[in-house]
Structures are given as structure tokens and as C-alpha cells.
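Quick note on labels: first sequence line is chain A, next is B, and so on, each numbered from 1. Just so you know, these numbers use all the heavy atoms, side chains as well, and skip hydrogens, waters and symmetry mates.
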2 protein chains.
Amino acid sequence: MDSSLSSSSRSQGPRLHPGMISSILLVMRYRPEHKIETHEKIVKDASRRVRAEGLNGAAVAAVMRDAGLTHGGFYKHFASKDELLIESLKEGFQDIIASLVHAAEQSPPGEAWKTIVKTYLRPEMSEHPEHGCPLATLGPELARVDKRMKPQIVTELVNYKSRMVPFMPGRRTADKERAFFAIFSTMIGAVALGRLLPDPVRDRVLANAQDFLLRGF
Amino acid sequence: MDSSLSSSSRSQGPRLHPGMISSILLVMRYRPEHKIETHEKIVKDASRRVRAEGLNGAAVAAVMRDAGLTHGGFYKHFASKDELLIESLKEGFQDIIASLVHAAEQSPPGEAWKTIVKTYLRPEMSEHPEHGCPLATLGPELARVDKRMKPQIVTELVNYKSRMVPFMPGRRTADKERAFFAIFSTMIGAVALGRLLPDPVRDRVLANAQDFLLRGF
DNA sequence: TCCATAGGATGATACGTATCATCTTATAAG
DNA sequence: CTTATAAGATGATACGTATCATCCTATGGA
């Protein structure tokens, strides 16, 4: 690995030698992955909390406790709470994108969008908002966040769209985009509406939306 | 009005006479409508705030200030903040129900549902959440409120549905109910999604949902 | 004119929360 | 083993908010 640098006696002048490198660059007291790992754990916990309890369900103290830490270390990981929010939203979007893409990919091309609809509208998806689509859980709240966060949220949404559009019904891309908005509007609304109602009714709302979409295209 | 009770000299024994009535029942220092009026003003202000800023946008102090009062008198009007929340939600639902019913009633019976769709999806409706549908503004938040409030929210939603169903497309009531859920899911989702996006895109999302629905039934 | 009182105002309390300053400690490098 | 230092813990501050106790005052009736 570092064999070319291992004999410092051969280097002349003030060139970099292993000792200098380690004292300048490699001064890491914890495993290099350590901070990254806990950072990711915090974000994942926050992402679940945010989807389950809304934008202010991810209180600093609560999220840190989830990660087995105390509130004090928070600002070693994030410049502000908003930064955590953005990261946990991103995490949430990647979460459902992964689920939906995975489902879509193992179904015949023409049917992929139907698979996405069926996956999104499964009752278990509604039952577990902490693993569900951030749009269905906190869509309206996201519309009200601080101006500074909006561009980043729009970016996530645009990315979401671009990952879904390939699977959408329609010939031209413009058609697929229209289908994306129509289909996701219906699904987001159905999940939101369903969650207001007691279990059996909720499932009927979801099934109804599914029928509507599968027949509608 | 009270002429039958006006001559107290005619009554014998410990019967009710005007003096007693006024000292027992009619001891009202302010106009009887006074309290009701300010109560309604508080609720209307809260209803706007809640729809514009979310469930915790209606802070006691803020709402009272809107009404030209201070926070102290709040509990002369409401037993708790939750009580205000319920009342302002009810107000919000009555608000859009009135708008939609009004629009629907002045259009030919078979077309009423189309008018509702066009009204709900107007860009101005999206621009002014404080006068819009509570479901589009705080649907997911309502799904997370305290268990004790849920029944009352469900009641409001059921009432909303029963007011819209008569205008929905379909022959039998069951069909109309299915249409209600499909149509409102799509509209709620479209408004929520649209509000995440910058103005011109938002309007396309709304128009897209409208086309989808008008063609879909 | 005076009074009783309900509506409203002032002010206090208790709690949650974001943020930051300062202290402690685990650990890789030497 | 020692040491430097970054990750994390403790604790403090500041602010918002719900709730309530207590005070003030406008006003209809006498």
C-alpha cells in the first residue's frame, strides 16, 4: 500500500514522509467510519420520526436518544436542525424510491406502473408511515417550510419524479410525466385520506384508489 | 313579549316574577351576543391560521391577538386548545363545503361534479390555503392528532362526504361514494403536490389533475 | 348614581425545545 | 504507556407555548 513511502530515510529535503502525513492528515482518534456511522444512524432515526410524527416530531433530544446519544453532540454532526431535516427527508425519499423501483423492476415493463400503484397503496404502507412516502406523510407541511429549505425539497421531488417517470404509462416522456403527476396525486391523496379513517374504511379507500388508477389509464 | 309577566303584583306566593327572573337568569352585563361574537371571531381567525400554518400555527397568544384580545381570556371561551382546534376545523370544513356546494348548485345536475373539480383545483384555491380545504392543508397532520379528537374529525369528514356525494357522478349511491373518494383523493393530492412546487409548475399540476379527472369519469 | 359580575387583561408557572459553552473520555498514533 | 484530539456528555440559556390564578373594568339593572 504505502510501500513507496515507507523508507523516509531516502527522501531529501522537506518532502512529505509517513510521519508527517499521519500527523497532518491521519490524526483520527476514532475509526474513520465511526462518525459516519453514527451520523447515518441519527439521520435514519430522524427520518423515521419525521415520517411518523411530522416535521416537529424529530426533536433534537428525541432523535439523539434514539441513536443512544445525548443532545449535546448534535452540533458535531449538523450545523442546524434544518440540516438534519433536509438529510432525513432525502433519506425518506430514497427509502420509498428504492421500494418502488425494486417492485417495478421485477415486473414486465408495460406493467411496472401498475406494480408501483399496488405497492404504494398497500395497507401496510399506510400502517407504517415511518417507512412510507414523505409526500403522503408530510406533503402539506413541506409546503410551509422555511424558504431556504424549499429548493432542496424541490430537488428531492424532481429526483423522485425522474426515478418514477420511466415506469409510468404513456408513449412520450411528456405523457409519462403527466401520468406521474396524476397517479401520484391520487395515491398521495388516498393515503392521506385513508389515514384519517378507521382501519376497514381506510383499506377501502386505498383499494378504491387502486381500482380507479388501474382502470383509468 | 314578556307582557304576561309584567305585572308582578298579580302573582301570589313564591312564583317567578320578573325581578327574580332577571336576577337569576338575565344577569348579563354585556349584550348577550357579545361573547358569541368574539368567540366566533376567535374561531374564524384560528381556522385561517390553522389552514395557513398548520395545526400548531394557531398558538393561543397569536389567535387572541388576531382577535384584538390578549391570551388571558382564552379559557373563558374554550376548555382547552384542543377544543379550539376542533371548532376551527369544523369552521374550515364548513367553509369549503359552502364554496363547493354553492358552485355545484348553479350548474346543471349532471355537470355539478365537474364544477366541483374545477372549483377545488383553481390556482387561487392553492394560493390561499387559509380559505381552502382543510384536508389539502393538514390532512396528514390530522391523522396524527390525539386519539380523543379523532372521532370528531371523522365526523367532519363524514359530513363533508355526505354533502359532496349528491353531486358526484354515478348512478347508485355506492358508485357516487366511490367517485367521491377517487376524486377527492386526486384533488387533495394534487393540491398538496402542487404547493410544493414553484408557481407555474404548480398550475400545471392542478390543470393536469383536472384533465385527468374530467376525462376519467 | 351605584353595584354585581362576566369578559378581558396581567402576570406567573411549567414545560418543551434549539442552541451553545464547557467538560469528559475513548482511542489511534507515537 | 502516554498523549493529542475529536466524539460525546453535562449543563446553561433563551425562547415559545399552554395553562391558570388573580386583577381590572365595562355595563345592564336597581
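In this structure, A:Phe78 places its CZ atom 14 Å from C1' of D:dG8, rounding to the nearest Å. A straight line from NE2 of B:His77 to P of D:dA18 spans 17 Å, rounded to a whole angstrom. If you measure from atom CZ of A:Phe74 to atom P of D:dT10, you get 18 Å, rounded to the nearest angstrom. If you take CD of B:Glu33 and P of C:dG7, they are 13 Å apart, rounded to a whole angstrom. Rounded to a whole Å, the CG atom of A:Asp146 is 15 Å from the C1' atom of C:dA18. In this structure, the CD atom of A:Glu37 is 16 Å from the C1' atom of D:dG8, given to the nearest Å. When rounded to the nearest whole Å, the span between CG of B:Leu69 and P of D:dA26 equals 15 Å. Rounded to whole Å, atom P of D:dT25 lies 15 Å from atom NZ of B:Lys76.
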Please encode protein proximity along nucleotides 12-17 of chain D as a string of B, S and -, counting only heavy-atom distances under 4.0 Å. B----S
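Side-chain contact of B:Thr186 with A:Thr186: a donor-acceptor pair under 3.5 Å is present, judged by distance alone.
The salt bridge (Lys or Arg N to Asp or Glu O under 4.0 Å) test with B:Arg144 is passed by exactly one of A:Glu53, A:Glu141, A:Glu130: A:Glu141.
Of the possible donor and acceptor atoms, none in the side chain of A:Arg163 sits under 3.5 Å from a partner among the backbone N and O of A:Val101. With hydrogens and angles disregarded, no donor-acceptor distance shorter than 3.5 Å links the side chain of B:Ser126 to the backbone of B:Arg122. Within the 3.5 Å criterion, the main-chain N or O of A:Pro198 finds no donor-acceptor partner in the side chain of B:Lys150.
Between B:Leu135 and B:Ile96 the shortest side-chain heavy-atom distance does not fall below 4.5 Å. A heavy-atom distance below 4.5 Å is found between the side chains of B:Asp95 and B:Arg51.
If you check distances only, the side chain of B:Lys35 never reaches the base of C:dG7 with a donor-acceptor pair under 3.5 Å.
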Apply ring pair (Phe, Tyr, Trp, His ring centres under 6.0 Å) to residues A:Phe181 and B:Phe212 and explain how you reach the verdict. CA-CA 10 Å; A:Phe181 280 115; B:Phe212 174 58; over 10 Å; no
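At D:dC20, none of the side-chain N or O atoms of B:Tyr75 fall inside 4.0 Å of OP1 or OP2 (strictly under the cut-off). OP1 or OP2 of C:dG8 has at least one side-chain nitrogen or oxygen of B:Thr38 nearer than 4.0 Å.
You'll find that the side chain of B:His34 is closest to C:dG7, out of C:dT10, C:dG7, C:dA18.
Axis deviation across the helix from C:dT1-D:dA30 to C:dG30-D:dC1 amounts to 0°, comparing end segments of five pairs, rounded to 10 degrees.
Ring geometry for A:Phe93 versus A:Tyr160: interplanar angle over 60°, hence perpendicular rather than tilted (30 to 60°).
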